[in-house]
Amino acid sequence: MQQRRTGLRERLVSLLELPGDVVLDVPRATLIGNAELVLENHRGLLEYRPERVVLRLPEGRMAIDGEELRIGYLSPDQLVLHGRITGLRYAPPEGGGA
Amino acid sequence: MLRRLIRHLLGTLRIEVTGGAIERFLNLCLEADIQLWDVRRWPERLQATLLVPHFFRLRPIARASRCRVRIRERRGLPFLSRRLRRRPFLLAGAAGALATLIWAGSHFWVVDVRIKGPGHLDPRAILAVAAEAGLRRGAWKTQVDPDEVARHLRQKIDELSWAVVRVRGTRAVIEVVEKGAVNPPDQAVCVHLVARKAGVVEHVIPFQGEPLVKKGDVVQAGDMLVECALRYWAGGRPAVIPGMPLPPREEVARTLIAQATVRARVAYRQYYEFPVTETVKEPTGRRYTQWVLNWNGRSILLTGRGPVPYTDYEVSTRTFPPGGWRNWNPPVELVIREVAEVSTRTVTVPVEELTERARTAMERRLAWLLGPGDRIVTPLRAEVVQQEGGYVGILVTVETLEEVSAPLEGPMEQQAGDRVG
């Protein structure tokens with residue numbers, strides 16, 4: 001049922017040419033070089049270490065690997081990450097791990 | 001920028017979180033809508049910055065996540081004001097510096113003039129006229145209307161074809177364009193007007209130059225009356241910056257031929273002396289005539305031989321040349337000498353007549369001394385001052401109103417000492 005509703009919403013967005021990050025409950029990540037990552041619409045932190053940050057997303061998780069990672073700004077709807085970013089991965093919501 | 005300002009106004013705290021579940025601490029902060037920035041993680045601790053009002057909401061979060069929170073640094077206005085309250089003089093100094101800065105920035109400190117054109121206009125004349133409209137060094141910026149100053153300049157100075165005032169901070173730049181055909185004053189000639197007589201100045205009407213005397217001043221002969229300097233020159237007129245002292249004479253920009261009417265009351269005192277008695281000669285009627293022929297440098301007595309038979313006599317001579325032909329005159333002439341016998345007697349002249357003679361002599365002298373516009377303001381007074389030794393001394397006094405200025409050419413520097421007042 002949930003998958004069906006999501007599929008309908010995606011088709012509506014495609015049909016009306018609406019911005020997906022506004023209508024769909026998905027994160028928006030902006031990567032500036034490998035020095036800064038701006039992530040909007042996250043759901044909190046699962047792990048924070050200088051070489052790895054794992055974020056909870058509305059659907060799944062995002063793992064960011066790098067060196068000397070630090071959070072420049074952290075608010076309920078936005079996270080700005082600084083440092084030397086080497087990798088970025090999406091992971092399913094449950095199991096598997098990042 | 002705005003976010004930084006809000007942070008500064010509210011104050012920020014740098015906290016250190018140790019122990020417990022740090023990720024849980026962060027997530028609970030997010031749930032409580034607490035914003036964090038500059039979050040740094042070490043294996044055993046975490047540092048972050050947050051607003052002061054948010055700090056007081058951390059206690060339940062720290063308890064729930066079993067973390068310990070310590071304040072490492074305080075920043076922002078609340079902490080700054082607390083520190084400043086303990087140092088009132090520092091605060092006063094800062095306030096004073098700020099006030100001084102605002103005050104200094106509210107004035108014109110430099111007024112520049114840029115002239116385009118033949119270059120006959122004196123920049124100081126522009127400054128002087130601008131000062132009339134309020135634009136001068138030290139003037140409040142709010143009290144000066146640049147458009148009004150430019151309009152005033154165009155009205156007052158005929159030689160300008162365009163003027164504008166530009167304001168750059170505390171600097172005002174007056175840009176003017178001079179008309180092409182401007183007759184500059186002759187700068188090479190410098191002619192002063194000096195007093196040629198001593199007197200009391202009655203009135204001064206300057207046409208060109210700077211008058212140095214006024215009504216009531218006592219001047220001596222040689223004193224400077226009108227200086228050839230025109231310190232500020234605009235439209236053929238001097239313009240002086242109001243409220244500013246005149247610059248030194250050495251900086252006078254323009255020179256000219258001073259022209260003015262300076263009339264002064266001049267007093268004359270003349271002493272005349274006459275003998276009380278006079279010798280009068282009267283003819284007796286007896287005459288004796290000699291005819292002499294002068295020929296080629298020699299005198300030939302024709303009639304009246306022998307010496308003159310009278311003791312006192314007067315001789316009158318008449319010469320008759322024979323006339324010439326073209327440019328040739330014959331070397332001969334006839335001379336008739338008439339000798340008339342006279343008798344001499346001594347008469348006493350009354351004092352009244354002598355006084356009248358002195359008065360007449362003074363009038364004759366004044367006729368030479370006074371010019372066409374001059375006049376006698378008090379009647380001649382003749383006073384007998386002594387009558388001893390066979391002589392009568394008479395003092396004649398008179399006062400006139402006359403033009404006393406006379407031109408004196410030369411550089412100003414050499415005549416600096418002649419200045420009056």
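Both backbone and side-chain heavy atoms feed into the values below; hydrogens, waters and symmetry mates do not. Convention: sequence-line order gives letters A, B, ...; per-chain numbering from 1.
By the 4.5 Å heavy-atom criterion applied to side chains, B:Asp38 and A:Arg70 are counted as neighbours. Taking the side chain as every heavy atom from C-beta outward, B:Arg3 and A:Tyr73 approach each other to under 4.5 Å.
Within a 6.0 Å sphere centred on CD of A:Glu68, heavy atoms belonging to other residues, nucleotides or ligands number 12 at most. Around the CZ atom of A:Arg49, the shell of radius 6.0 Å holds more than 12 heavy atoms that belong to other residues, nucleotides or ligands. Counting heavy-atom neighbours within 6.0 Å of B:Arg57 CZ, excluding the residue itself, gives a total above 12. Remark: B:Arg154 CZ is packed, more than 12 non-hydrogen atoms of other residues, nucleotides or ligands lying under 6.0 Å away.
Within the model, atoms CD of A:Glu47 and CZ of B:Arg41 stand 8.5 Å from one another, a figure rounded to the nearest 0.5 Å. Put simply, CG on A:Asp77 and CG on B:Asp33 are 8.5 Å apart, with the number rounded to the nearest 0.5 Å.
The backbone N or O of A:Gly44 lies less than 3.5 Å from no partner atom in the side chain of B:Asn27, so there is not a single donor-acceptor pair.
Shortest non-hydrogen contact noted between A:His42 and B:Leu30 is CE1-CD1, 3.7 Å. The minimum heavy-atom distance between B:Gln35 and A:Ser75, with the atom names listed, is CG-CB, 4.0 Å.
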Exercise for the section: Test side-chain contact (heavy atoms from CB on, under 4.5 Å) on B:Leu46 and A:Tyr48 and set out the steps. Expected result: CA-CA 10 Å; B:Leu46 174 138; A:Tyr48 176 32; 3.8 Å; yes
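Only the backbone of A:Leu46 comes within contact range of chain B, judged by heavy atoms closer than 4.5 Å.
Under the side-chain contact (heavy atoms from CB on, under 4.5 Å) rule, A:Leu74 has a single partner from B:Leu36, B:Ile34, B:Leu50, which is B:Leu36.
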